[in-house]
Structure formats: C-alpha cells, structure tokens
Number of protein chains: 2
Amino acid sequence: MEGMYIVQVTMPQFQAPGTKRARLTEQHETGVGLEALDTPCLVLDLDRLDTNIRRMAELAAAAAVRLRPHAKTHKLVEVARRQLAAGCDGLTVAKLGEAELLAEHGVDDLLVAYPVWGERKWERLCRLAEAAEVRVAADSFEVFAGISAAAASRGLSIPVRIEVDTGFARCGVQSTAEALALAQRLSSLDGARLVGLISFAGQTYAAGREGAGAAAAADAAWLVEVAGELRAAGFEVPEISVGSTPSAPHLGKLAGITEFRPGTYVFSDRDQVALGWGTLEDCALTVLATIVSRPTAARAVIDAGTKTLSSDRAITAEGYGAMRAQPSWRLASLSEEHGVLELPAGEGPIGTRVEIVPNHACGALNMHDWVAVVQHGEVVDWWRVEGRGLVR
Amino acid sequence: MEGMYIVQVTMPQFQAPGTKRARLTEQHETGVGLEALDTPCLVLDLDRLDTNIRRMAELAAAAAVRLRPHAKTHKLVEVARRQLAAGCDGLTVAKLGEAELLAEHGVDDLLVAYPVWGERKWERLCRLAEAAEVRVAADSFEVFAGISAAAASRGLSIPVRIEVDTGFARCGVQSTAEALALAQRLSSLDGARLVGLISFAGQTYAAGREGAGAAAAADAAWLVEVAGELRAAGFEVPEISVGSTPSAPHLGKLAGITEFRPGTYVFSDRDQVALGWGTLEDCALTVLATIVSRPTAARAVIDAGTKTLSSDRAITAEGYGAMRAQPSWRLASLSEEHGVLELPAGEGPIGTRVEIVPNHACGALNMHDWVAVVQHGEVVDWWRVEGRGLVR
C-alpha cells in the first residue's frame with residue numbers, strides 16, 4: 001500500500017461491444033496536494049486517524065477494559081490493521097459480510113453485534129467460526145437456537161452474548177427476568193454457549209455532551225446489575241460489553257464492564273465533536289467540495305449532496321456539515337448532488353474549495369468506494385472501501 | 001443478461017496472501033422466488049418498471065414534448081435501454097461519470113444538468129462530446145467560459161442551456177435580466193453555444209399533491225416568459241426544459257415547454273405516491289427485509305437501516321418506508337443497520353419477511369451494488385448498479 005501508483009478505474013465487464021470509449025480513466029494520483037484532487041472527494045488524514053486510534057487505546061488501557069472497536073464506521077481493512085496494531089483485542093461488525101472481509105485479512109477475533117438470522121447466514125457464520133473466533137450478540141432464543149443447530153451439526157460451539165436494552169429501545173431483552181429466562185433456555189443448546197452481555201446505549205447521543213456521562217454510567221450499571229443476577233443464578237458471565245464514542249470520556253467511571261466498543265472515534269465527526277470527542281480539527285475524515293454556482297449574494301451551491309455526505313442529520317446542530325476553513329458558512333440543505341451554502345455576500349466565488357466535516361462519518365464513508373489518504377497535506381495513498389456494499 | 005447465471009462476488013485483489021478464506025461466495029441465483037432471497041435485498045419488479053416507463057412515455061407523447069428522463073434515479077444501463085426503447089429522446093445525468101457510463105453503452109444524447117467545473121471535468125466533457133451529443137446546463141459565465149475554452153481548443157462547440165431559478169432557491173439565474181445578460185456574454189464564446197433554458201422545480205415536491213399542478217404550471221410559465229424575452233432580444237431558444245415526476249400528471253397543461261425531465265417515476269416511491277404518481281402497488285423498487293428481533297409486544301427490529309434504505313425522510317409522511325403487505329406497521333426509526341417497526345401485539349414473529357417501499361427510491365438504490373430483478377414473483381436476473389460510486 002506504499003508509494004505512488006495509479007489505479008485504473010475501468011469496468012470492462014460492462015463494456016458493450018462496439019460502443020465508443022468516452023470515459024477518461026480516473027487517475028488516483030499520489031504525491032500531490034489536496035488542491036490537485038477533483039471534487040467531490042472523500043479524504044482521510046492519516047495523522048488525525050492515528051491520533052484518534054491511539055487516544056482510544058490509551059483510554060481503554062487506563063480503564064483496564066478490552067477494546068473492540070466497531071468496524072462499521074470505516075469498512076477499511078487498513079484502518080482495522082491500525083486499530084489492532086495500536087492495541088485492541090478484536091473488532092465488532094454489524095454484518096456477516098464485514099466479518100468475512102476482516103477474517104480474510106487475518107482479523108481473528110470478531111463480534112457480530114447483530115441478530116444473525118436464517119439458514120444462509122448461519123451457514124456463513126459457521127464457515128467464519130472455522131476461520132476466526134466469532135461471537136454473536138442477539139436477544140432471542142429463536143436466533144440462538146438457529147445458530148446452535150447450524151453450529152452443532154458442524155461440531156462447533158459459538159460463543160454468544162445476550163443483548164440487553166438499557167434504554168435505547170432498539171434490540172435487547174427488557175428486564176433481568178427476561179435475561180435470566182433466556183440464559184436458562186440457552187443452557188439447553190449444544191452449539192451456542194453464553195459468554196456475556198452486551199448493550200448499545202444510543203441514548204448517550206440523545207443525552208448530549210452534558211448528559212452523556214450519566215447516560216453511559218446508567219447503561220453500564222444496568223448491564224452489571226443484570227450480570228450480577230445471572231451470576232447469582234449460577235451462570236458464568238465473563239464478558240460485559242458496552243460503549244460508543246460519546247461514552248469514551250467517561251470510560252474510567254464505568255465500573256464492572258470488561259469491554260468497550262466505540263466506532264466513530266476513529267474518524268470523529270461533527271456529532272462526536274458536539275458530544276465531546278475532540279475538536280473539529282481532530283476529525284480525520286472530510287469531504288472536499290467545490291462551489292459550482294453563486295445564484296445570489298448569500299447563496300452558493302457546492303458539488304456535494306446526500307449522495308456524497310449522506311442525508312444523516314446532526315444530532316445537536318442544524319445543517320449538514322461544518323466547513324473547516326469557513327466556520328461561519330452554513331450548509332443549509334442538501335439535494336442528491338447539490339449542497340446549498342449560506343454565506344456572507346462577497347465570499348466564496350465559483351471555484352472556491354471547501355473541506356467539510358460530515359455530521360456522521362459512518363454515513364459519509366458509506367457513500368464512497370475510494371478514499372484519498374493524506375499526510376501533511378499530501379496524498380500518500382488511495383484506499384478502496386472494501387466493506388461498502390456488503391449489505392448482507 | 002438472460003437466463004440463469006451465478007455471479008461470483010469475490011475481491012481477489014484485496015486478498016492478502018496467506019490469510020484464511022472465510023467468505024462464502026455470494027450466489028446471485030435466478031429462477032427462485034422472493035422467499036429464497038437473503039435479506040436485506042434490493043428488488044426491482046420488471047413489469048412495474050415497464051409500466052412506469054410506458055406511462056411516462058405516453059404522457060410525453062400526448063403532450064408532444066420531448067422526454068429526457070433523469071438517470072440519477074436508477075444508475076442502471078438496462079433501465080436506460082428500456083427508457084430509450086419505450087420512446088424518449090435522450091437522458092439527463094447529474095455527474096460526468098454517469099454520462100460516461102451511458103455513452104459507453106451507446107446512449108448518444110445526454111444532458112449534464114449540473115454546472116461542470118474545473119479543468120479535469122472540462123477535459124472529460126470534451127472527450128464525451130466527441131462520442132455523443134452532450135448538452136450542459138449551468139447558471140454562470142465562469143462555468144460556460146471554462147467549458148468553452150476547453151471545447152474551442154479541441155475544435156468543439158458544446159450546446160449549453162441556462163438554468164433559471166423558478167423558485168426552488170438552489171441553482172439558476174434569478175431574473176430575466178440576469179438570463180439576458182448571461183446570454184449576451186455567451187455570444188462571445190467560441191466553444192459554447194446557447195440552445196435553451198432549464199429549470200428544476202423542486203417546489204412541486206413541497207407543494208404536495210394538491211399544489212403540485214399549480215407549482216408546475218408556474219415554473220413552466222416562468223421559463224417560457226424568460227425564453228420570450230430572450231427571443232425578443234434576438235436569441236434563438238429552441239429548448240425549454242422542465243419537469244420532475246410530481247409535475248408529470250400536469251404535463252399537458254405546461255404550454256410552451258419542449259422537454260420534460262422526470263426521474264423517480266421509473267421506480268416510483270412513497271414520496272411520489274403521496275404526490276400523485278400511481279399507488280404503492282405501482283412502485284417497482286422495494287427492499288426485502290426480515291424481522292430479526294422482537295424485544296417488546298409493540299416493537300420489532302428489521303435488518304434494514306439507513307445503509308439499506310438511506311436516511312432520506314418522507315416529504316409528506318412520517319416514518320422511513322411503507323410495508324407493502326402490512327400497511328398498519330410503522331417504520332418509526334432507523335439506525336445504520338436496524339429499522340424499528342411499531343406493530344400490533346402478536347403480529348410479526350422473528351423471521352417474518354417484509355417488503356418495504358422506500359421513501360425515496362433514488363436514495364435507496366444508491367446504497368446497493370446489486371438489484372434482484374423479478375418478474376411474476378420470480379428472480380429473472382441480477383443487475384449491477386453500474387453508476388453507483390461514480391461520485392465525480
């Protein structure tokens with residue numbers, strides 16, 4: 001992945017015979033500055049990325065909890081490698097396709113934090129479990145029984161965690177009694193064995209910067225209490241897993257947990273900055289765009305819309321992204337390929353470049369097949385977003 | 001594209017040497033029913049697609065206007081072929097990459113309805129103009145001058161249209177006086193020649209079903225009036241182009257226009273049904289998903305979130321999609337890979353399949369690399385979304 005190279009993006013398999021060749025091969029140049037990149041372009045700053053990775057690894061080490069970052073944010077094998085090299089104990093994924101990709105690249109400890117359902121997926125899960133250590137989190141006997149049947153028929157036993165709903169109102173058992181009942185039913189399964197509990201405290205986002213610490217503490221306390229009841233009933237519950245980026249600054253106060261699963265920190269974004277993870281300057285993933293229209297004195301249009309940034313709204317702010325060099329400009333609305341900027345009269349003629357910190361890095365990354373990798377303002381590599389499009 | 005075949009989706013170029021092969025090759029089967037498809041899965045119904053295509057072609061023919069559908073909606077070469085075969089006069093695109101893809105497949109009349117900016121793009125535009133008839137719409141002398149310089153140096157003259165802002169407040173000149181001034185400056189350019197006017201009346205969406213007709217009529221009248229002033233000043237303005245799907249039912253009443261550019265009609269979606277384009281039953285593009293969690297009596301979670309449906313909100317309704325077979329179920333919120341359904345107690349056990357009509361078909365399509373093509377409930381093909389990811 002080093003040195004200068006040119007990736008020729010052509011799709012010969014879709015070339016109908018006899019048609020004209022109109023497309024200029026897109027050149028993924030290295031050794032150039034940001035100003036040489038055509039827009040819109042997704043850009044990843046290596047030093048900021050590594051700073052975010054190191055910072056989270058240090059927080060987890062200081063709190064003596066295992067770190068298992070969520071790879072859904074980046075879908076990039078190279079970022080996974082850097083997370084593992086900086087000291088984490090495995091990775092989390094949302095999709096079997098993401099797990100398969102990472103396992104193929106040597107990641108040998110994975111948590112599928114998603115209820116894996118259906119014969120095809122259970123078969124894939126078993127194949128995966130033969131290549132790597134794979135845990136699955138779910139909240140129902142139906143899912144665990146399906147996994148178990150597929151696994152037992154292959155002589156496997158899949159370690160599983162029960163997901164507890166600690167207030168986000170998405171997945172998860174609703175009470176300690178439900179967790180106990182599910183744990184008891186799990187005991188009857190040959191191909192799935194209970195190893196822990198998991199929660200996703202999305203409510204830390206809604207709580208905002210001031211409330212995130214209390215929300216994270218309540219989430220962890222809930223899970224630890226359920227674990228205590230399970231242990232009192234004779235179950236071993238070695239793994240208690242919580243976390244997302246907004247709870248990271250409060251990690252040292254989450255007594256009793258064993259594992260932390262933040263995702264977005266690796267890039268950070270406008271939401272995470274609002275919630276307390278560094279500053280806009282620390283955000284590693286940005287979108288370069290260009291002003292292509294100036295219809296009025298106060299309105300400009302850039303070549304980045306929902307198909308470049310995603311239509312994810314900001315949690316605690318208006319608008320669709322922050323302009324890194326023009327903080328007073330407001331990205332007021334997006335169409336699919338247009339972004340409408342409100343800006344002071346006289347600023348931003350056509351051709352002006354902007355660098356946008358997205359509201360939500362996971363959503364923006366997922367719109368792109370390629371990211372330009374930069375260091376000290378120079379393009380040093382292009383990474384293909386290998387995990388994008390693996391929808392199952 | 002006919003018959004049964006299996007596409008082997010592997011990415012050998014990203015296979016690190018020596019790593020384990022964990023991934024099951026994804027099989028794109030044909031000759032099976034929808035129930036055999038693993039979820040989430042994007043599905044396109046051929047008969048509904050063809051009905052939408054034919055219906056729009058008939059409306060345009062009845063109104064005696066040229067039809068130039070916007071291909072950003074589908075990004076699919078095969079859909080473009082069907083639109084052209086049913087009787088349209090060319091296609092519209094938002095990106096040079098989309099234009100290049102279509103030109104390579106023999107589409108020889110294209111409108112880039114976007115301000116093309118920068119040396120690289122002007123070079124690509126000229127290459128494209130050597131392979132196909134290509135028009136460009138923009139609203140500034142800067143953009144037209146750049147195009148002209150690149151074109152003239154290659155002995156080309158690019159036909160261009162001036163975009164007029166008729167009330168949507170995105171791109172476009174703001175007045176007849178501005179249009180006249182721009183037309184006059186255009187006369188000095190050797191490589192760009194004025195051939196018409198264009199508008200995008202996004203306000204027809206905001207006007208809703210009752211107001212869409214009046215909004216469409218006002219948009220067309222505005223553009224026709226500007227054209228009249230330009231003609232009075234001695235400019236030829238043969239092409240007056242308006243339209244989007246919500247204005248289609250009112251097409252016969254838009255006097256003076258010469259071209260219509262709807263996009264979403266080809267699939268239709270929840271928004272378009274609300275605005276008057278057919279019924280939910282007519283929507284050709286859906287997402288198959290499965291209930292994977294039933295945490296409470298009134299809540300289910302499906303395996304389709306913003307990375308499957310997009311986070312595009314509905315214009316005139318709550319929620320993130322309509323359940324085709326369960327109209328009372330409400331898709332209340334989305335995370336990246338989760339959709340939270342509100343449903344009556346006792347309905348929808350784990351494993352229940354749902355077919356979702358997305359809020360916005362363009363956004364949902366753009367999340368997928370592959371679409372399963374079905375006819376009479378049977379999978380007859382898989383089409384790769386060739387245009388997805390061509391962000392520039």
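The structure presented is a predicted model; accordingly, all values stated were derived computationally and were not measured. Numbered from 1 within each chain, the chains take letters A, B, ... in sequence-line order.
Of the listed residues (His368(B), Met367(B), Lys95(B)), the one with the most heavy-atom contacts under 4.5 Å to chain A is Lys95(B). Put simply, of Arg170(A), Glu163(A), Glu119(A), the one with the most heavy-atom pairs under 4.5 Å next to chain B is Arg170(A). Interface summary for chain B: among Val340(A), Asp312(A), Leu334(A), the most heavy-atom pairs under 4.5 angstrom belong to Asp312(A). Your options are His360(A), Glu142(A), Glu336(A), Glu178(A), and the one with the most heavy-atom pairs under 4.5 Å with chain B is Glu336(A). In terms of heavy-atom pairs under 4.5 angstrom with chain B, the leader among Gly389(A), Ser335(A), Gly118(A) is Ser335(A). Of the listed residues (Ser310(B), Ser140(B), Ser311(B)), the greatest number of heavy-atom pairs within a distance under 4.5 Å of chain A belongs to Ser311(B). The candidate from Ala94(B), Cys41(B), Gly351(B) with the greatest count of non-hydrogen atom pairs under 4.5 Å with chain A is Gly351(B).
Of the inter-residue distances, the one linking Asp165(A) atom CG with Thr296(B) atom OG1 reads 9.0 Å to the nearest 0.5 angstrom. We find the OG1-CH2 distance between Thr39(B) and Trp117(A) to be 11.0 Å, quoted to the nearest 0.5 Å. Asp369(A) CG to Asp369(B) CG: the interatomic distance, rounded to the nearest 0.5 Å, is 6.5 Å.
In this structure, the portion of Asp139(A) lying under 4.5 Å from any heavy atom of chain B is its side chain and not its backbone. Interface remark: Arg388(A) contributes backbone and side-chain atoms alike to the contact with chain B (heavy atom separation under 4.5 Å). Proximity to chain A (any heavy atom under 4.5 Å) is shown, for Ala169(B), by both the backbone and the side chain. Contacts of Arg299(A) with chain B are made by side-chain atoms alone, with heavy-atom separations under 4.5 Å and no backbone atom involved. The contact between Val391(A) and chain B is made by backbone and side chain atoms together, counting heavy-atom distances below 4.5 Å. Only the side chain of Val143(A) has a heavy atom closer than 4.5 Å to any heavy atom of chain B. Looking at Ala138(A), there are no atoms closer than 4.5 Å to chain B (heavy atoms on both sides), in backbone or side chain. Contacts of Phe168(A) with chain B are made by side-chain atoms alone, with heavy-atom separations under 4.5 Å and no backbone atom involved.
Across all their heavy atoms, Gln174(B) and Pro295(A) have their closest contact at CG-O, 3.2 Å.
For Glu337(A) and Lys72(B), the salt-bridge test fails: no basic side-chain N is under 4.0 Å from an acidic carboxylate O.
Tested against Asp38(B), the residues Lys121(A), Arg392(A), Arg120(A) include a single side-chain hydrogen bond (donor to acceptor under 3.5 Å, both in side chains) partner, Lys121(A).
Checked against side chain to side chain contact (heavy atoms under 4.5 Å, CB included), Ala300(A) has the following partners two or more places apart in sequence or in another chain: Ile291(A), Arg294(A), Leu341(A), Leu343(A).
The closest side-chain heavy-atom distance from Lys75(A) to Lys307(B) is below 4.5 Å.
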